[in-house]
Amino acid sequence: MEALSYCDSFVFVDDKQLDIIAKKVAKSIKYLMLPNAVDLKKLATFEKNNQQEEYIVVSRHLFKKNGVHIAIQAFNEAKLPDNVKMLILGMGDEFDNLRQLVGNLKLSDRILFKGSLKFEDSINYTINAKMALVPSIPLGDYIEATSLSMLEAMALGTPLIASNIGGLKQVLENTNSGILVEPNDIQGLAKAINELYFDQDLSAFLAKNARKLIVEKYSSDTWLEKKVNFLSNY
């Protein structure tokens, strides 16, 4: 707290961080809102393939705050064809609990854990997915900031469903670039999954808008330009 009092400016990734610091320092502060960003040039080197397999991707560390258990239960409730799978990319301390949940739901043949992957492998799975889920939940004082996996999916043209909280909401709200669902709402997420899977026009519409939004506001070039301009005032 004492260290904060010596700072005359801040860089935040979302409004939640701004609120927390503003309350702690209890004074007017100079700040830059600088969400996470993605390298569009690097992502442009990846292409969709012609595979027949259909799957939903959840690219998240397996921690409770990331809500992967909600995604699993929503997938169980969704009315998708039996050939559609869910791929979970990542590892974490919830792995055993999540694997047990999948077993209890008798979905071990449809929900597959891919573990920690190289960036290239993770992106290849994401670009070829029917949709990506970012089902984060509030946990104590923690609320999800801008998710890199969310921005990557949007940049790659993969339709997105995310929780209506924190930085996820800040990116997607009123943009027609993805579907926002209340956190911990299993039935709501299942309904959104069905809607996005069966409505190809909606899927394409959201994906197109998402790509445009990333190009305009969340590219690494834009991120760098904003930061340089901010620092140049000192």
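None of these values were measured; they are calculated from a predicted model.
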*Which pairs, with at least one residue in residues 188-214 and sequence neighbours excluded, count as a salt bridge (Lys or Arg N to Asp or Glu O under 4.0 Å)?*
Lys212-Glu216
*Lys85 and Ile111: CA distance, side-chain angles, deciding distance, side chain to side chain contact (heavy atoms under 4.5 Å, CB included) verdict*: CA-CA 6 Å; Lys85 294 180 170 57; Ile111 298 182; over 6 Å; no
_Members besides Phe63 in its Ile/Leu/Val/Met/Phe/Trp/Tyr cluster (side-chain heavy atoms under 4.5 Å)_ = none
_Whether Ser122 side chain and Leu117 backbone form a donor-acceptor pair below 3.5 Å_ = no
*Do we get Lys130 above Tyr55's six-membered ring, with its NZ or CZ under 6.0 Å from the centre and within 45° of the axis?*
no
*State, with a plain yes or no, whether a side-chain heavy atom of Glu152 is found less than 4.5 Å away from one of Thr126.*
no
_Heavy-atom pair with the smallest gap, counting every atom of Pro135 and Ala71_ = CG-CB, 3.9 Å
*Same cluster or not: are Leu180 and Leu206 linked, directly or through other Ile, Leu, Val, Met, Phe, Trp or Tyr residues, by side-chain heavy atoms under 4.5 angstrom apart?*
no
*What are the two closest non-hydrogen atoms of Leu172 and Ala162, and how far apart are they?*
CD1-CB, 3.8 Å
*Could you tell me whether the side chain of Arg110 and the main chain of Asp82 form a donor-acceptor pair under 3.5 Å?*
yes
*Roughly how far, to the nearest 0.5 Å, is CG of Leu101 from CG of Leu107?*
8.5 Å
*Quick one: which residue pairs count as a salt bridge (Lys or Arg N to Asp or Glu O under 4.0 Å) with a foot in residues 98-109, not counting sequence neighbours?*
Asp96-Arg99
*Keeping the roles fixed (side chain from Ser163, backbone from Ser136), state whether a donor-acceptor pair exists under 3.5 Å.*
yes
*Does the Asn66 side chain pair with the main chain of His61, one donor and one acceptor, at a distance under 3.5 Å?*
yes
_Using every non-hydrogen atom in the two residues, find where Gly67 and Ile137 come nearest and quote the distance to one decimal._
CA-CG2, 4.3 Å
*Establish whether Phe95 and Val68 are linked, either directly or via other cluster members, by ILVMFWY side-chain heavy-atom contacts under 4.5 Å.*
yes
_Tell me the closest heavy-atom pair linking Met91 and Gly115, and the distance in Å._
CG-CA, 3.8 Å
*Can you measure from OG (Ser59) to CG (Leu148) and round to the nearest 0.5 angstrom?*
10.0 Å
*Would you mind listing every salt bridge (Lys or Arg N to Asp or Glu O under 4.0 Å) that reaches into residues 59-69, with sequence neighbours excluded?*
Arg60-Glu144
*Quick one: are Tyr197 and Ile56 in side-chain contact, heavy atoms under 4.5 Å?*
no
*Apply side chain to side chain contact (heavy atoms under 4.5 Å, CB included) to Asn209 and Met154, showing your working.*
CA-CA 9 Å; Asn209 289 338; Met154 294 170 69; over 6 Å; no
_Nearest 0.5 Å, please: how far is CD1 in Ile127 from CG in Asn49?_
9.0 Å
*Under a 4.5 Å cut-off applied to non-hydrogen side-chain atoms, are Pro81 and Phe198 in contact?*
yes
*Can you check side chain to side chain contact (heavy atoms under 4.5 Å, CB included) on Leu189 and Ile161, steps first, answer last?*
CA-CA 8 Å; Leu189 180 54; Ile161 305 172; 3.5 Å; yes
*Under 4.5 Å between side-chain heavy atoms, hopping through other hydrophobics if needed: is there a path connecting Leu80 to Leu87?*
no
*Gln100 and Asn97: side-chain donor and acceptor closer than 3.5 Å?*
no
_Quick check against the 3.5 Å criterion: does Asn194 have a side-chain atom that pairs as donor or acceptor with the backbone of Lys79?_
yes
*Give every residue pair that meets the salt bridge (Lys or Arg N to Asp or Glu O under 4.0 Å) criterion with at least one member in residues 41-52, sequence neighbours excluded.*
Lys41-Asp221
_I'd like to know if the side chain of Gln73 and the backbone of His69 have a donor-acceptor N/O pair within less than 3.5 Å._
yes
*Which atoms form the tightest heavy-atom contact between Val181 and Gly188, and what is the distance?*
CG1-C, 3.7 Å
*Is it possible for you to say whether Ile186 and Leu105 belong to one hydrophobic cluster, with membership spreading through side-chain heavy-atom contacts below 4.5 Å?*
yes
*Taking the side chain as every heavy atom from C-beta outward, state whether Val134 and Leu160 have any atom pair closer than 4.5 Å.*
yes
*asked:* Using side chain to side chain contact (heavy atoms under 4.5 Å, CB included), reason through Val58 and Leu89 one step at a time and then give a plain yes or no.
replied: CA-CA 6 Å; Val58 183; Leu89 318 181; over 6 Å; no
*Taking the side chain as every heavy atom from C-beta outward, state whether Ile88 and Lys114 have any atom pair closer than 4.5 Å.*
no
*Take atom OH of Tyr125 as the centre, draw a 6.0 Å sphere, and report whether it contains more than 12 heavy atoms from other residues, nucleotides or ligands.*
no
*Out of curiosity, does Phe75 fall in the hydrophobic cluster containing Val57 (side-chain heavy atoms, cut-off under 4.5 Å, transitive links)?*
no
_Pairs touching residues 171-183 that satisfy side chain to side chain donor-acceptor pair (under 3.5 Å), sequence neighbours left out_ = Asn164-Glu182, Thr175-Ser177
_Leu133 vs Met86 side-chain heavy atoms within contact, under 4.5 Å_ = yes
*Hey, is the main chain of Ser147 close enough, under 3.5 Å, to the side chain of Asn36 for a donor-acceptor pair?*
no
*Search all heavy atoms of Ser219 against all heavy atoms of Ala37 and return the closest pair with its distance.*
O-CB, 3.5 Å
